[in-house]
Enquirer: 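After the structure tokens below, expect a handful of questions from me.
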Amino acid sequence: MHGEVAVAVAKSALTVTPADDWNRIGSRPGRNAESWTLDGLGLNDLTFYGGIADDRTLFRDARRKTDPLPRYSRTMLALDIARLFESSYRVAAGTSLMAIDMIEPARFAGRPGFRFAYHFTLQGEEVRRKGEATGAVVDGQLYLIAFEAPEIHYFDAGIERARAIIASARIVPIVK
């Protein structure tokens, strides 16, 4: 994805305008989610969560019967959403090595929202990864964009490009 053209993401009303050559990944982490990368998913990952509805999960709930994912609620506050994100990662990635480092108010798609920073290590790996997510609840639905990469080199190398995409985010009604 490249150019000064708005692109709809995550099968939703969320659009972004990328200024760099990002690669859209074919497989989706969830029904209303998609990932982009600059250098490969193991090196940097920009994931869009578009219009997550009440009582839905962030990721595909592959182990619903044995290890269900937590569900989003339209009544959640920013801190609750950060905890939902953390809990979802713990279940989906099978890692106990994840923490939210910071949460603060932020603008997202021209609306009041939030930003949080996090770090994690995937089970079976030694690479510590950092992430930053920005989002808002709009009409009861969660919109969120998260960037993550290995803490050494790749996070610092890509975060400003990710922030530029996040700054370009807009939520436009889908015409059916």
Side-chain angles (χ1 to χ4, degrees), residues 1 6-10 12-20 22 25 29-30 32-38 41 43-54 56-59 69-93 95 97-122 128-172:
M1 300 284 120
V7 177
V9 292
S12 71
L14 180 62
T15 67
V16 295
T17 306
D20 292 310
W22 290 82
I25 304 304
N32 288 85
E34 75 176 69
S35 294
W36 293 4
T37 186
L38 286 167
L41 283 180
L43 301 177
N44 45 49
D45 179 358
L46 185 65
T47 301
F48 304 90
Y49 303 89
I52 305 296
D54 194 47
R56 295 285 186 179
T57 59
L58 294 178
F59 306 118
L69 288 167
R71 295 180 172 273
Y72 164 72
S73 169
R74 65 185 305 128
T75 61
M76 288 179 162
L77 302 174
L79 181 58
D80 303 319
I81 292 168
R83 287 182 180 148
L84 167 75
F85 190 85
E86 177 184 3
S87 298
S88 296
Y89 260 63
R90 287 177 181 269
V91 172
T95 185
L97 304 171
M98 173 150 194
I100 302 297
D101 300 317
M102 169 281 297
I103 186 165
E104 65 186 8
R107 300 288 295 169
F108 181 79
R111 295 167 166 86
F114 53 86
R115 175 179 22 259
F116 58 89
Y118 57 98
H119 71 272
F120 66 101
T121 303
L122 294 173
R128 182 175 154 131
R129 299 172 189 279
K130 284 178 62 175
E132 184 175 287
T134 307
V137 174
V138 178
D139 297 329
Q141 295 185 332
L142 174 62
Y143 292 86
L144 184 73
I145 302 174
F147 175 76
E148 59 197 42
E151 185 174 47
I152 297 173
H153 178 71
Y154 286 96
F155 183 82
D156 289 339
I159 188 61
E160 290 308 319
R161 286 156 68 193
R163 286 177 180 155
I165 287 182
I166 292 166
S168 78
R170 298 292 172 258
I171 298 170
V172 294

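Below, all heavy atoms of this structure are taken into account, side chains as well, without hydrogens, waters or symmetry copies. Just so we're clear, the structure is a prediction, and the values are computed from it rather than from any experiment. Numbers here are sequence positions counted from 1.
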Enquirer: Which atoms form the tightest heavy-atom contact between Arg74 and Asp54, and what is the distance?
Expert: N-OD1, 2.8 Å
Enquirer: Just checking, any donor-acceptor pair under 3.5 angstrom between side chains of Thr37 and Asn44?
Expert: yes
Enquirer: What are the two closest non-hydrogen atoms of Ala169 and Leu14, and how far apart are they?
Expert: CB-CD1, 4.0 Å
Enquirer: Out of curiosity, Leu46 CG to Leu41 CG, how far, rounded to the nearest 0.5 Å?
Expert: 10.5 Å
Enquirer: Identify whether the distance between the nearest side-chain nitrogen and carboxylate oxygen of Glu160 and Arg163 falls below 4.0 Å.
Expert: yes
Enquirer: So which heavy atom on Ala99 is nearest to which on Glu86, and how close?
Expert: CA-OE2, 3.9 Å
Enquirer: How long is the straight-line distance from OG1 of Thr57 back to CD1 of Ile52, given to the nearest 0.5 Å?
Expert: 7.5 Å
Enquirer: Side chains of Val16 and Ile145, heavy atoms from C-beta outward: is any pair under 4.5 Å?
Expert: yes
Enquirer: Which pair of non-hydrogen atoms, one from Arg90 and one from Met98, has the smallest distance, and what is that distance?
Expert: NH2-O, 2.5 Å
Enquirer: Under the side-chain contact (heavy atoms from CB on, under 4.5 Å) rule, what do Phe114 and Thr134 come out as? Steps first, then yes or no, please.
Expert: CA-CA 6 Å; Phe114 53 86; Thr134 307; over 6 Å; no
Enquirer: Rounded to the nearest 0.5 Å, what separation is found between the CD1 atom of Ile81 and the CG atom of Leu142?
Expert: 5.0 Å
Enquirer: Between Ala10 and Glu34, what is the shortest heavy-atom contact and its length?
Expert: N-OE1, 2.8 Å
Enquirer: Is the distance between the ring centroids of Phe108 and Tyr143 less than 6.0 Å?
Expert: no
Enquirer: Not counting sequence neighbours, which residues clear ring pair (Phe, Tyr, Trp, His ring centres under 6.0 Å) with Phe48? List them please.
Expert: Trp36
Enquirer: Rounded at 0.5 Å granularity, tell me how far CZ in Phe147 sits from CZ in Arg161.
Expert: 8.5 Å
Enquirer: Any heavy-atom pair between the side chains of Arg107 and Pro112 that's under 4.5 Å?
Expert: yes
Enquirer: Minimum heavy-atom separation for Ala78 to Ile103, with atom names?
Expert: O-CD1, 3.3 Å
Enquirer: Out of curiosity, Thr47 OG1 to Leu144 CG, how far, rounded to the nearest 0.5 Å?
Expert: 9.0 Å
Enquirer: Could you point out which residue of Glu132, Lys130, Glu148 forms a side-chain hydrogen bond (donor to acceptor under 3.5 Å, both in side chains) with Tyr118?
Expert: Glu148
Enquirer: Are the side chains of Ile152 and Pro150 in contact, using a 4.5 Å heavy-atom criterion?
Expert: no
Enquirer: Between atom CG of Asn32 and atom OH of Tyr72, what is the distance when rounded to the nearest 0.5 Å?
Expert: 12.0 Å
Enquirer: Please walk me through it: do Val137 and Met76 pass side-chain contact (heavy atoms from CB on, under 4.5 Å)?
Expert: CA-CA 9 Å; Val137 174; Met76 288 179 162; over 6 Å; no
